[in-house]
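Following: one structure in structure tokens, then a few remarks.
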Amino acid sequence: MRASQYLIATLKETPADAEVVSHQLMLRAGMIRKLAAGLYTWLPLGLRTLRKVERIVREEMDAAGAQEVLMPAIQPAELWQESGRWEQYGPELLRLSDRHNREFCVGPTHEEVITDLIRRELRSYKQLPANFYQIQTKFRDEIRPRFGVMRSREFIMKDAYSFHTDRDSLQETYDRMYQAYCNIFTRLGLDFRPVLADTGSIGGSSSHEFHVLASSGEDDIAFSDSSDYAANVEMAEALPLGSRGAATEELRLVDTPNAKTIAQLVEQFNLPIEKTVKTLVVAASDECEAELIALVVRGDHELNEIKAEKLPQVAAPLRMATEEEIRRVFGAGPGSLGPLNLPIPCIIDRSVETLSDFVVGANIEDKHYFGLNWERDLPVPAVADLRNVVEGDPSPCGGGTLSIKRGIEVGHVFQLGSKYSNAMSATVLDENGKAVIMEMGCYGIGVTRVVAAAIEQNYDDKGIIWPAALAPFSVALVPLNYDKSEAVQAKADELYAALKAAGIDVLMDDRKERPGVKFADIELIGIPHRLVVSDRGLGNGVLEYKGRCDAESRDIAVDDAVEFLKQQLA
RNA sequence: CGGGGUGUAGCUCAGCCUGGUAGAGCACUGUCUUCGGGAGGCAGGGGUCGUAGGUUCAAAUCCUGUCACCCCGACCA
């Protein structure tokens, strides 16, 4: 490609509303432009990278035995009503009506459509297992789209759905997809980890998210320092910590008029925060006799809402009690609650069970109990794992301790089971001629997000540093004085033709710009290899080569250039 | 949805408090000089100041409504 005939829409200044590096650099490098909140146009340069991701995904999906299809972006409401998601899905589902007033939605995902297709097309267990995928535009009406293409409303996703007669077959395909995903992200040159994930409301036995590690990520991932264990913090089990110490303090009621939060309490009374507890009140389930139930975690810990929601005594979905509810039941406000003299049932976190001489709200306005001890002052209530793990916790894998890093979720593999096939009666006949509900798996990759994630992981102060597989162009051929020097022009044209003939993606910067401008643009865009053609070099029979990350350039004999680049790209 | 902020040239922003002829840098057009790290000079083009209304002799500036965008939170899995 000749830069003079190509839209190089680079920006010197960083647009004001771009927060994260990938967003800033994608705008500055001229990869994308915003149309409206969460909607982006891909410019030629950005699209080249996007297509490279798609191609790798396609190759690996095909290699793993999946078949490509393309489903409509617009889907009829009936299918969603059949699965029950028309009601379940909130405003994130963009709904619309056609001229006949029939209801549709813009697909945020395609379980319904594929299940409908498969139940019509597949009759026999002999046709299974089968795995279908597509690369297609989705729409989720995010409340707050942000970070450019990282969390946009419209985005491109590779979604695959597999069908099986039994769980073993599902597990087999799941494992194959897991491996395919590892292959894909490895080929893309990303530092990624598969992590155990929550299966959410859908249930199912197994789920892994694939995260690209980057400090700007929106998810916290817990890693063991002694094994491969990695899990979304939502999922990681918080093991009990040590054992309870002996009581040494008297129980006493203390006035704490200005301590409404743990932070204030700790500061005003100079307490160690791990000797305090937070008492949170949530709606109880039908299994509970009371309407509300108290959940107690250590002052320095956070309640894990997913773990809490899974407890039989707790109402799902989790709902925090309102201040009025709390005052009605306790006669005290949320800042003064505690497990002693509690009018409702109570569940404490494992780490709370091991406390001694600790501080709790007294359930009396502006008062706390100091020096509380289990057994002596009150019986130990129900104990459960209620909190998010924190840095330094013991790893649930049995050895080592956890560290926590930020990740960007770029892929998710999921065993759906029979949720959709059951709701939509997707069956095949088995060996006995009996209709059986198919088991399903689903496997997604955020294609557009991968592009942003790759940048989050690979950039410097000059711009993007593309992994080889993602670079929009592999080589930048930069002739200096192209318009003036016949020698430069002739040699550059010759090299350009030769590189193209060798199948190399080359961008020749034949623009009438000063060298500094060209160099800056090439670096911003992140092209991995740069070859400069100049009168000065040609006089010595050399070209000047510089890799994107090299500190210095080096001279290459003119005649060796094409071969040299082939080697660099191999 | 709650809280905060911003809308002035393609981009980054000043001007608004204290009303009085709409600005700068970058980008763009022409031209001259320069020519290996985002050049300099000269000459240009480009803005109903988001939008609607109000106050006023006079509104980018003050007031009210409205729309859009951004940030924080909640929501969502």
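Chain identifiers are assigned alphabetically (A, B, ...) following the order of the sequence lines, protein sequences preceding nucleic acid strands; residue numbering begins at 1 within each chain.
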**Request:** Test for a donor-acceptor pair under 3.5 Å between the base of B:rG25 and the side chain of A:Glu13, counting only N and O atoms.
**Result:** yes
**Request:** Between A:Leu11 and A:Gly38, name the one whose nearest nucleotide on RNA chain B is closer to the 5' end.
**Result:** A:Leu11
Protein-nucleotides 28-30 of chain B N/O pairs closer than 3.5 Å?
none

**Prompt:** Partners of A:Lys158 by side chain to side chain contact (heavy atoms under 4.5 Å, CB included), sequence neighbours excluded?
**Reply:** A:Val57, A:Met61, A:Tyr133, A:Ile135, A:Ala160, A:Tyr181, A:Tyr443, A:Ile445, A:Val447
**Fill in**
When rounded to whole Å, the NZ to P distance for the pair A:Lys484 and B:rG36 reads 11 Å
**Message:** I want to check one thing: is the phosphate of B:rC35, taken as OP1 and OP2, less than 4.0 Å away from some side-chain N or O of A:Arg514?
**Reply:** no
**Asked** Within less than 4.0 Å of OP1 or OP2 of B:rC72, is there a side-chain N or O belonging to A:Arg146?
**Response** yes
**Request:** Tell me whether the OP1 or OP2 atom of B:rC69 has a side-chain N or O from A:Lys34 closer than 4.0 Å.
**Result:** no
**Asked** Phosphate oxygens OP1/OP2 of B:rG10: is one of them under 4.0 Å from a side-chain N or O of A:Arg33?
**Response** no
**Request:** Look at the side chain of A:Arg530 against the base of B:rG37 and say whether a donor-acceptor pair falls under 3.5 Å; ignore hydrogens and angles.
**Result:** yes
**Request:** Look through every strand shown and name the nucleotide pairing with B:rU66 as Watson-Crick or G-U wobble, where both distances are under 3.5 Å.
**Result:** B:rG50
**Prompt:** Does any residue of residues 520-527 of chain A have a heavy atom under 4.0 Å from RNA chain B, and if so, which ones, in number order?
**Reply:** A:Ala520, A:Asp521, A:Glu523
**Message:** Nearest heavy atom decides the nucleotide; on that basis, is A:Leu480 or A:Asp17 closer to the 5' end of RNA chain B?
**Reply:** A:Leu480
**Message:** How many whole angstroms separate atom CG of A:Asp461 from atom C1' of B:rG38?
**Reply:** 14 Å
